[in-house]
Amino acid sequence: MNLGRISVKKIFLLTCGGMAASMLAICVVLLWMTGERWVLISGVLLMICALAWMFLLTVVFSKRLSIFTRELCRAMDQMISGSKEPVHAVDSETLFARISYRLLRLYGIMQENRRKVDEERQELQMLVSDISHQVKTPVSNLKMVTDTLLSKSVTEEERREFLQGIRNQTDKLEFLFQALVKTSRLETGAIRLEKKDAPLIDTLAMALSGIVYAAEKKKISVTVDCPEDIILSHDSKWTAEAVFNLLDNAVKYTPAGGAIRVSVEQWEMYVKLNVSDTGKGIPESSQGAVFRRFYREEEVHSEQGVGIGLYLTREIVTRQGGYIKVVSEPGKGSEFSIMLPVK
């Protein structure tokens, strides 16, 4: 018999019936053994008293159960709505107190999950807004150029200029999508950084290979000071991506004939990797914001980029247990320092 499916009322009736039948049977047996009628009368009176007390106990228990159920439902409604924290029970030994304690724990978990969902929703809204803002300009330019080519007759030279403009805008969109793919794969855990012991000079070589041509084109001198014997536990591929982003920005914002210097220092707990340039510099008020996703200063919007490189660099470094900082002054260049833990 499954007691979980029997109502409390039915259990009460079965208990009372069983008790009455048992007491009546005992009275009949005693009457048969003694032959005294008062035994039967006494038994019936005892049975009536027992049933009365049983009825009183059931009424009190039912009232207490009703109060307990009402308090439990109210606490759960408050948890669902998030309007109020469940009430702490005064007596820690009661059943409601034990349930209340678990409800409080559940409420805390629900509040934390709700907070995370709200943060993710806000971040998603910001991401969609940022992406739409970044995509709007190149898409508008593409529509304008194609409408011009479709509606007007142009010379061959003008056609080539328009096509070159289309190519530049598609390159910008492609760069944006690749950066977003890298960032999303890193943030969602689709790509996990795997730290292995490897020479840091090899990682720098991978990063530097991506900016050699652009630096030569602007006649920017690039010097590297890194001891070849430094072996560091790090993800070589992603660390090279982080350093490349710093170097790429240095080349973009350093005027022709400037200089970029890469240096590495071995400390006791960290390896410090510096990338300094003689570029335009960053105002102190903007230094904390440059690592935000899609952040770009107003005066550099003419340069190619979408403002995601430094954000990606910070993510790569922090996921390896390190941190990044910047020291800069307008007109005197910038110095970005990556600190990677030795172990």
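The salt bridge (charged side-chain N to carboxylate O under 4.0 Å, His left out) search around D235 returns none, not counting sequence neighbours. Taking I201 as the reference, P199, C226 meet the side-chain contact (heavy atoms from CB on, under 4.5 Å) condition, with sequence neighbours excluded. Here R261 pairs with D225 under the salt bridge (charged side-chain N to carboxylate O under 4.0 Å, His left out) rule; sequence neighbours left out. Legend: residues meeting side-chain contact (heavy atoms from CB on, under 4.5 Å) with S337, ordered by chain and number and at least two apart, are K272, N274, K325, E335. Checked against salt bridge (charged side-chain N to carboxylate O under 4.0 Å, His left out), K332 has the following partners two or more places apart in sequence or in another chain: E329. With sequence neighbours left out, the side-chain hydrogen bond (donor to acceptor under 3.5 Å, both in side chains) criterion links T278 to no other residue. Remark: E268 pairs with no residue by the side-chain contact (heavy atoms from CB on, under 4.5 Å) rule, at least two apart or across chains. Under the salt bridge (charged side-chain N to carboxylate O under 4.0 Å, His left out) criterion, R167 pairs with D171, sequence neighbours left out.
Between P227 and V264, the shortest heavy-atom contact is CD-O, 3.9 Å. Listed here is the closest heavy atom pair of I220 and V251: CD1-O, 3.9 Å.
Within 6.0 Å of CD on E265 lie more than 12 heavy atoms contributed by other residues, nucleotides or ligands.
Two different hydrophobic clusters hold M206 and V243 under the rule that ILVMFWY side chains link at heavy-atom gaps under 4.5 Å. Hydrophobic clustering, with ILVMFWY side chains joined whenever heavy atoms are under 4.5 angstrom apart, groups I338 together with I230.
A side-chain donor-acceptor contact under 3.5 Å links N245 to the backbone of E241. When atom types are taken as modelled, the side chain of K218 and the backbone of P255 share no donor-acceptor pair closer than 3.5 angstrom. At least one donor-acceptor pair closer than 3.5 Å links the side chain of E158 to the backbone N or O of T155.
Here the straight-line distance linking atom CZ of F162 with atom CD of E157 works out to 11.0 Å at 0.5 Å rounding.
Of the charged side-chain nitrogens involved, at least one lies within less than 4.0 Å of a carboxylate oxygen, so that D248 and K252 count as a salt-bridged pair. Between R159 and E156, at least one side-chain N (NZ, or NE/NH1/NH2) sits under 4.0 Å from a carboxylate O, which counts as a salt bridge.
Listed by first then second residue, pairs satisfying ring-ring contact (aromatic ring centres under 6.0 Å, His included) with a partner in residues 254-289 read Y270-Y323, not counting sequence neighbours. Screening residues 202-226 for ring-ring contact (aromatic ring centres under 6.0 Å, His included) gives no qualifying pairs among residues at least two apart or on separate chains. Residue pairs meeting the salt bridge (Lys or Arg N to Asp or Glu O under 4.0 Å) criterion with at least one partner in residues 41-61, sequence neighbours excluded, are absent.
Counting only N and O atoms by type, the side chains of S236 and T203 include a donor and acceptor under 3.5 Å apart.
The hydrophobic cluster of V212 has no other members, since no ILVMFWY side-chain heavy atom comes under 4.5 Å of it.
The closest side-chain heavy-atom distance from K280 to S328 is not below 4.5 Å.
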